[in-house]
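Report on the structure given below.
Because only heavy atoms are used, hydrogens play no part in the values below, and waters and symmetry mates are left out as well, while side chains stay in. Chain letters run A, B, ... following the sequence lines, proteins first, then strands; residues in each count from 1.
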There are 2 protein chains.
Amino acid sequence: MPRTKGDHDARRRDVSEAVWRVLAAHGFGGLTMRAVATELGATTGLLTHYFPTKRDLVTYALDLLDTRSASRPRRTAGTGMSAVRAALLDILPLTGDATVSNRIWVSSWDTALADPELSDDYARKYARSRDKLRDLVAAAQESGELPAGDPARIAAGAQSFVLGLVVQALFAPETFPPDRQAELLDDYLAALVSLPSPNDGRAVRT
Amino acid sequence: MPRTKGDHDARRRDVSEAVWRVLAAHGFGGLTMRAVATELGATTGLLTHYFPTKRDLVTYALDLLDTRSASRPRRTAGTGMSAVRAALLDILPLTGDATVSNRIWVSSWDTALADPELSDDYARKYARSRDKLRDLVAAAQESGELPAGDPARIAAGAQSFVLGLVVQALFAPETFPPDRQAELLDDYLAALVSLPSPNDGRAVRT
DNA sequence: ATTCACACAACAACCGTTATGGATATGTAC
DNA sequence: GTACATATCCATAACGGTTGTTGTGTGAAT
């Protein structure tokens, strides 16, 4: 029984949620046409209507993951160092939603690494994320909260740290509860702050 | 044509290498009975003889990944801080072999995260790795190269950093060539060293 | 004679994809 | 407004291909 025009947008939202539920339940490796269809209470005929091919489904799922992650409620970022901290905290699996999102995210790496095109897409995505972080770092440096040094380099390091912490927290949630993750992040940030400026010798010369 | 008894161990080694080649070529998602069999120039009959079920193959592949990673030629570890640095460098995808190994490793996370049992296995594996790192950190602290502080906490942070760097380097090899990875790691270690001791106030009181 | 190490063949289940057809909405002619 | 052509939305069913698994048979080793 087809829907009316007014219901069409609602149906699109239903499809999104079905895709999300499948991803959350079985990861990216378990993302199949039929799984989404049955999760939707429909058949593959509907799915092929929205996604002519499997790759379309995968790309859509990747976009969905990106969108869902981006539209997650963010901390109200302050300025300088606290903005950096907030941005990094927002990545970590501190809530149930963030955990689900991160789990899907990590599980997508298998698919992404196997496909050069998707791999490039991911590389660009991470590069953009690093750029945003770099700007925050540069701002924290200008406010004097962070010692001098290539902001891009510091951002790359911070992103690595958070990324790795995500993975460890996903595999061992009891070992890395939210407060421990925040603790470790604060350790990292404290180390960054305490670092003597390498490029900028003013503090030494004065 | 069956083999003789003397060839049996050789055959087991052949199986290992076939599994490894399949993993290297198609990742963990492409690990199938038939793929390994054809890679071996044999049929599935042989495979089921060595691995009665798929799960056995997967578990074996996970173990193989662990073994191959562990038996990779390691840097001759010095003492104290240089030992910590060597251990962390050994994880990074700095060589072709290490890149292949790490790629397989990351691709296995999809499978592992979808299966609670495998997930636990990984958690234990990482915990053991953190423990070894913790001992190295503690040694570096005793030699005075690293400020005081919970060595387990420092090890967890360092492991996170390296893990995340691995992921980023795999997706953007041109952005993270070997020397840049080493650079970033050294930045991290420098920050660790420069950190004033939190628990131990001696330096301040003197 | 029994066990082992395989080849070979087949199975049911699942995958992505395609074709067919029917129900509903939309547009157009009168 | 009514009548008809067209397009959209979706169920149903089937296709060939691949998967994990099982069973049978056969030659060599013990």
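A salt bridge links B:Arg85 with B:Asp186: the closest approach of a Lys/Arg side-chain nitrogen to an acidic carboxylate oxygen falls below 4.0 angstrom. The pair B:Arg21-B:Glu17 counts as a salt bridge, with a side-chain nitrogen and a carboxylate oxygen less than 4.0 angstrom apart. Of the charged side-chain nitrogens involved, none lies within less than 4.0 Å of a carboxylate oxygen, so that A:Asp150 and A:Arg134 do not count as a salt-bridged pair.
Nucleotide D:dT22 holds its C1' atom 15 Å from the CG atom of B:Leu47, rounded to whole Å. The CG-C1' distance, from B:Leu31 to D:dT19, rounds to 12 Å in whole Å. In this entry the distance linking NE2 of A:His49 with C1' of C:dT20 reads 16 Å, nearest Å. The distance from atom CE of A:Met33 to atom P of C:dG16 is 6 Å, rounded to the nearest whole Å. For the pair A:Leu46 CG and D:dT8 P, the interatomic distance rounds to 16 Å; values are reported in whole Å.
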Strictly under 3.5 Å: I want the nitrogen or oxygen pairs between protein and nucleotides 13-17 of chain D, one per line.
none

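Checking the phosphate oxygens (OP1, OP2) of C:dC15, a side-chain nitrogen or oxygen of A:Thr32 falls inside 4.0 Å. In this model, the phosphate group of C:dA5 is not approached by any side-chain N or O of B:Tyr50 to a distance below 4.0 Å at OP1 or OP2.
The aromatic rings of A:Trp109 and B:Trp109 sit tilted, their planes meeting at an angle between 30° and 60°.
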Evaluation steps, salt bridge (Lys or Arg N to Asp or Glu O under 4.0 Å), between B:Asp135 and B:Lys132: CA-CA 5 Å; B:Asp135 294 343; B:Lys132 280 206 285 187; over 6 Å; no

Item to check | side-chain contact (heavy atoms from CB on, under 4.5 Å) between A:Asp187 and B:Arg153, intermediate numbers included | outcome: CA-CA 9 Å; A:Asp187 282 356; B:Arg153 207 158 133 175; 2.7 Å; yes

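Comparing D:dT21, D:dC10, D:dA11 against the side chain of A:Ala42 picks out D:dA11 as the nearest.
Between A:Tyr188 and A:Phe161, the distance from one ring center to the other falls under 6.0 angstrom.
Residues meeting the side chain to side chain contact (heavy atoms under 4.5 Å, CB included) test with A:Ala24, sequence neighbours left out: A:Val100, A:Ile104.
Closest heavy-atom contact between B:Leu62 and B:Ser108: CD1-CB, 4.2 Å.
Listed by residue number, the members of residues 51-59 of chain B with any heavy atom below 4.0 angstrom from DNA chain D are B:Thr53, B:Lys54.
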